[in-house]
Amino acid sequence: MDSRLHMGIRSGVALELEALHKRYGDYVAVESVDLRADPGEFLTLLGPSGSGKTTTLNMIAGFVTPSSGRIQLDGGKIDHLPPHKRNIGMVFQHYALFPHMTAFENVAFPLKQRKCGGAEIRTRVLEALELVGLGDRAHSYPRQLSGGQQQRVALARAIVFRPSLLLMDEPLGALDRQLREHMQMEIKRIHVELGITFVYVTHDQEEALTMSDRVAIFNNGRIEQVGTASDVYDRPRTLFAAEFLGESNSLSVARTCQPGIAVVAGLDVPVRLPEDTQMPAGDGATVVIRPERLRAMPAGLERSPGTNALRGVVQRVVYLGSARRVDVEVSPWIHLSVREQSGMWSPVQKGDAVDIGWHPGDSVLLEQRTAPAIVTGAA
Amino acid sequence: MALLAPVGLFLLAFFAYPMAKILALSFSSEASGLSLENYVWFFETSVNIKVLLRTFTTAMIVTLVCVLVGYPYAYLMTVVGTRWRALLLILALIPFWTSLMTRNLAWLALLQPSSTIATITRKLGFGELQLLGTVAGVVVAMSQILLPFMVLPMYATLRNIDRRLLAAAEGLGARPSVAFVRVYLPLSAPGVVAGSLLVFVLSLGFYLTPAIIGSPQNSLLSQLIVTQVSRVLNWGHAGAMAMVLLLVTVVLIWLASLATRRNAALTSSGERS
Amino acid sequence: MTVAWSARIPVMRRVRPGRVALIAFVVLVTVWLLLPTLAVIPLSFAGAPTFRFPPTSWSTEWYANLVHDGRWIRAFVTSLIVASLSAIVATVLGTAAALGMRGRFIGRQVMFVLLLAPMVVPVVIFAVAVYAVFLPWGLTGTLPGFVAAHCVLGIPFVFVTVAAGLEGMDPRLTDAAASLGASPIKAFRVITLPLIAPSMLTGALFAFMASFDETVVSIFLVTPARRTLPVTMYESMTREIDPTVAAAATVIFMGTTLLLIIGVLVQARRRTSHG
């Protein structure tokens, strides 16, 4: 059954941020952020702490006044409106449930501010609690609910008044892994059911990739890249984006001799790039490849033509459960990690000489110089 | 700002201004405008110095009594079960919710020469122990009244001492008594210092108990100040005395805050490692 | 209750025998803490006008005296009015201070010192200072004079307890209320106020007790026409030997004990009803 019709929620609106700045004295928290969320889109602001993503969210909600720039909702400016007049739903990091009110009273709160009648409040609150699967805990106080249940109340409270935009600030940060994964699916389901625009803040790249239509990667108050999950993961445009979104191997490029070919610094080995690669004008470039795109095989075996290959020695094999990681030393200053899914392990062991191969289309050339130590990215 | 303005103005008018007035009075004299003559008078009059010393001695003895009584009490609070702890806490707090005048009255009665305490000491062979009107009587009553101020900060510190450290010290070969002296005692020092300073500072400014239990011959500084105001009507002298007492109090509190801050720094770095 | 308590004793016995001495010591301390307060009860039934303890003869004349001598009743009423008014004013001002002191601003440190200083300055000094100022202002012996002076002593208690209460409150609750459509005033009324109400109540109680028990400042402020209960007790103890003061002390003691028991019961009930 379509509860969107049932709850009478209109579909989402477009959110536009134009040249948004926030300065605190000399400290620049957010710098010229331009961002647009389409109606009904699930947009995630991803970045490490202090990257400006939460400040941006707080500016949208109205808790932080921008130093300059514009915020538009559905084509209309909302900069001048105080938070309580913006009609934007928000789920807070630690839920911010009112401890002296039951789940029902919490969810009824926004309706009471909007002077709804008692009968209407009752129907809509119970509907919202049903939607998040908490219909039976309406009369519990927040402290009597588990973390996941509090999370659901916070969600119900933020959507019950039918906002056309919902902001979520690290809503799953306090939950344990299993519950977090479950809630991710729940939030996705509610997003689809309601059809409203979601702006979601997280520092968890996996969460961002699984849930979002598009991801905006924040770093040092700026947006590094905006795109779909596969865009930002497979075609990062900056070194930061590549490294923040999971493990990646980086190879410093000494020079680019001809279109589609880069020479790895210190090895003098040419590496093929995707055919449509724009070759950099100056020097200082890096080739980035994801560990799961690399293949390790015993040295000396014939390889398919057109693939890239580097020879090295296996230093370490790390068992990861569903996969394993093979760390290979190509030269004293070049190390590569290969990720092999369980069941697809190559027959190499620690100490073996190996050839590492990959398809040219899996390498990404970035016009930035990487730091000398080579294996990067969070485990 | 709108929230702070009323309370700020209120305290300026009814607290800061009167205090400033006393300060001004202490530097004024009938003859000339600004002068130090009140302070000169204070330190040149031997009675004043005697009273000042007596005030300090009394405060020190009261503090010592409170430490000796309060430490084992606070220690016991940390080792018993929850129910006993609650009971001990309530007992320690009793003086807080009985009126000060009630307790002063009780001591006035108990310390009468014909009352139980005097009778008991007589029977025990201490002879005629004069308590009412003496410093000893004042100390007995003041220590009882001030004990909670010693026990509470001490308990707050002792509660946070990890008792496994004692076991660890014993495991490393220390006798229990040595472990207690070398490990537990130093860790409890901040609580002892905090409680002691609190009790000492409160004792310095105590007025009612010495006025009721003590005697004019054994006055403390606070009584002297009141006498200057209500009998001698010399505001300058009273002001100078008040400022001396205030200065000592503020310096002691400042030292205490320094000590606690240093200690907080010590514990927090200890936790990190 | 007794069963449960005796069940805990083996836990204590588990440790060294030195504990027995410790327990004996605590019993003695308890007697020292408790007995002086209880001593006023027999004293109030003394048969002769002495403070001798224990009394040798008994009577109830001091209670009769307490009721018939208008001095005591008037003092009691005055104290009650002064304490109630200063508790109310101190609670309003102290709560505003606690709310205003959140966040950072220039002069915060100075304000902090001003708010807590009345707790630190020896009362005698404050008493003399207030007297020096209230005398020319014509505030001695007046209701506003008593209330203003007692309020100064009560504000730090309210400020400290309410500030602690605010500390325990999630600072984003008011943001949440705003995002849900509540204006700042509404958010304060329905979210902040109910959540800090218990600490305001505690602070008010402290301020009330501080005023009701206050003697030193009042000694300077009283006039024959308007005196507070503690000052009346003080004068009765220092100027005459009249066990009526013991009767008054007993009544106060019983009153505060009763209030305390009610308070504890209400707390316990609220805790169980909230689950």
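Residue numbers begin at 1 in each chain, while the letters A, B, ... track the order of the sequences. Not measured: the values here are computed from a predicted model.
- Between chain C and the residues B:Phe15, B:Trp235, B:Phe14, the most heavy-atom pairs under 4.5 angstrom are made by B:Phe15.
- Here B:Pro72 is the residue among B:Ala211, B:Ala92, B:Pro72 with the most heavy-atom pairs under 4.5 Å with chain C.
- For chain B, the nearby part of C:Val29 is the side chain; its heavy atoms alone come within less than 4.5 Å.
- Listed here is the closest heavy atom pair of B:Glu170 and B:Ala179: CG-CB, 4.0 Å.
- Looking at C:Ala127, neither its backbone nor its side chain comes within 4.5 Å of chain B, counting heavy atoms on both sides.
- Shown here for C:Pro118 and B:Leu11, the closest heavy-atom pair between the two residues is CG-CD2, 4.4 Å.
- With chain C as the partner, the residue from B:Ile212, B:Val226, B:Leu110, B:Leu105 showing the most heavy-atom pairs under 4.5 Å is B:Leu105.
- Atom-to-atom distance recorded for C:Phe159:CZ and C:Thr91:OG1 is 14.5 Å, nearest 0.5 angstrom.
- To the nearest 0.5 angstrom, B:Gln228 atom CD is 9.5 Å from B:Ile225 atom CD1.
- With a 4.5 Å cut-off on non-hydrogen atoms, C:Phe212 does not touch chain B at all.
- Annotation: side chain of B:Val138 is not in contact with side chain of B:Phe206 (no heavy-atom distance under 4.5 Å).
- Residue C:Ser86 comes nearest to C:Cys151 through the heavy atom pair O-SG, 3.6 Å, listed as atom of the first residue, atom of the second, then distance.
- Using a 4.5 Å cut-off between heavy atoms, B:Leu23 does not touch chain C at all.
- When C:Thr238, C:Leu93, C:Leu38 are compared by the number of non-hydrogen pairs under 4.5 Å with chain B, C:Leu93 comes out ahead.
- Between the CG atom of B:Leu198 and the CD1 atom of B:Ile253 there is a distance of 8.5 Å, given to the nearest 0.5 Å.
- Closest of all the heavy-atom pairs between C:Ala98 and C:Leu166 is O-CD1, 3.6 Å.
- The most heavy-atom pairs under 4.5 Å with chain B, out of C:Ser236, C:Ala149, C:Ala117, come from C:Ala117.
- Here CG of C:Leu205 is found 8.5 Å from CG of C:Leu260. Values are rounded to the nearest 0.5 Å.
- Interface remark: B:Val140 contributes backbone and side-chain atoms alike to the contact with chain C (heavy atom separation under 4.5 Å).
- For a residue to count as touching a neighbouring chain, one of its non-hydrogen atoms must lie under 4.5 Å from one of that chain's; by this rule B:Thr249 touches chain C with the side chain only.
- Looking at C:Phe253, the atoms closer than 4.5 Å to chain B (heavy atoms on both sides) all sit in the side chain, from C-beta outward.
- The closest side-chain heavy-atom distance from B:Tyr75 to B:Tyr184 is below 4.5 Å.
- Contact of C:Ile155 with chain B is made through the side chain alone, with heavy-atom distances under 4.5 Å.
- Contacts between C:Phe220 and chain B at a heavy-atom distance below 4.5 Å involve the side chain alone, from C-beta outward.
- A side-chain hydrogen bond (donor to acceptor under 3.5 Å, both in side chains) check over residues 145-157 of chain C, counting only residues at least two apart or in different chains, returns the pairs C:His150-C:Ser211, C:His150-C:Glu214, C:His150-C:Ser218.
- Heavy-atom neighbours of chain C within the stretch residues 216-224 of chain B, taken at a separation under 4.5 angstrom, comprise B:Ser222.
- Heavy-atom distances place both the backbone and the side chain of C:Ala246 under 4.5 Å from chain B.
- Both the backbone and the side chain of B:Leu100 have a heavy atom closer than 4.5 Å to some heavy atom of chain C.
- Ranked by heavy-atom pairs under 4.5 Å with chain B, the list C:Val123, C:Val121, C:Leu153, C:Ile252 is led by C:Val121.
- By the 30° and 60° cut-offs, the orientation of the rings of C:Phe157 relative to C:Phe206 is parallel.
- When B:Ala16, B:Gly70, B:Ala106 are compared by the number of non-hydrogen pairs under 4.5 Å with chain C, B:Ala106 comes out ahead.
- Ranked by heavy-atom pairs shorter than 4.5 Å toward chain C, the options B:Pro148, B:Ser230, B:Ser143 are led by B:Ser143.
- For C:Leu33, the parts lying under 4.5 angstrom from a heavy atom of chain B are both the backbone and the side chain.
- With a threshold of 4.5 angstrom between heavy atoms, C:Leu229 does not approach chain B through any atom at all.
- Under a 3.5 Å cut-off, the side chain of C:Ser79 and the backbone N or O of C:Phe76 do not form any donor-acceptor pair.
- Within 6.0 Å of CD1 in C:Ile262 there are more than 12 heavy atoms belonging to other residues, nucleotides or ligands.
- For the set C:Thr215, C:Leu259, C:Val89, the count of heavy-atom pairs under 4.5 angstrom toward chain B peaks at C:Thr215.
- For chain C, no part of B:Leu202 is nearby; none of its heavy atoms comes within less than 4.5 Å.
- Annotation: the span from C:Ile219 atom CD1 to C:Thr228 atom OG1 amounts to 8.5 Å, rounded to 0.5 Å.
- Looking at B:Val69, the atoms closer than 4.5 Å to chain C (heavy atoms on both sides) sit in the backbone and in the side chain alike.
- With a threshold of 4.5 angstrom between heavy atoms, C:Leu114 approaches chain B through its backbone and through its side chain.
- Panel note: side chain C:Tyr234, backbone B:Leu208; no donor-acceptor pair is recorded below 3.5 Å.
- Considering CD1 of C:Ile125 and CE of B:Met243, their distance stands at 6.5 Å, rounded to 0.5 Å.
- Checked by atom type and distance alone, the side chain of B:Arg85 pairs as donor or acceptor with a backbone atom of B:Val80 at under 3.5 Å.
- Heavy-atom pairs under 4.5 Å with chain B peak, among C:Ala39, C:Gly94, C:Ala148, at C:Ala148.
- Of the two parts of C:Met237, the backbone and the side chain both hold a non-hydrogen atom closer than 4.5 Å to a non-hydrogen atom of chain B.
- Interface check for chain B: of the options C:Asp213, C:Leu34, C:Val92, the most heavy-atom pairs under 4.5 Å are formed by C:Asp213.
- Taking both residues in full, the closest heavy atoms of B:Ile22 and C:Val128 are given as CD1-CG1, 3.6 Å, listed atom of the first, atom of the second, then distance.
- With a 4.5 Å cut-off on non-hydrogen atoms, B:Leu246 touches chain C through its backbone and its side chain both.
- The shortest non-hydrogen separation linking C:Leu139 to C:Pro144 is CD2-CB, 4.2 Å.
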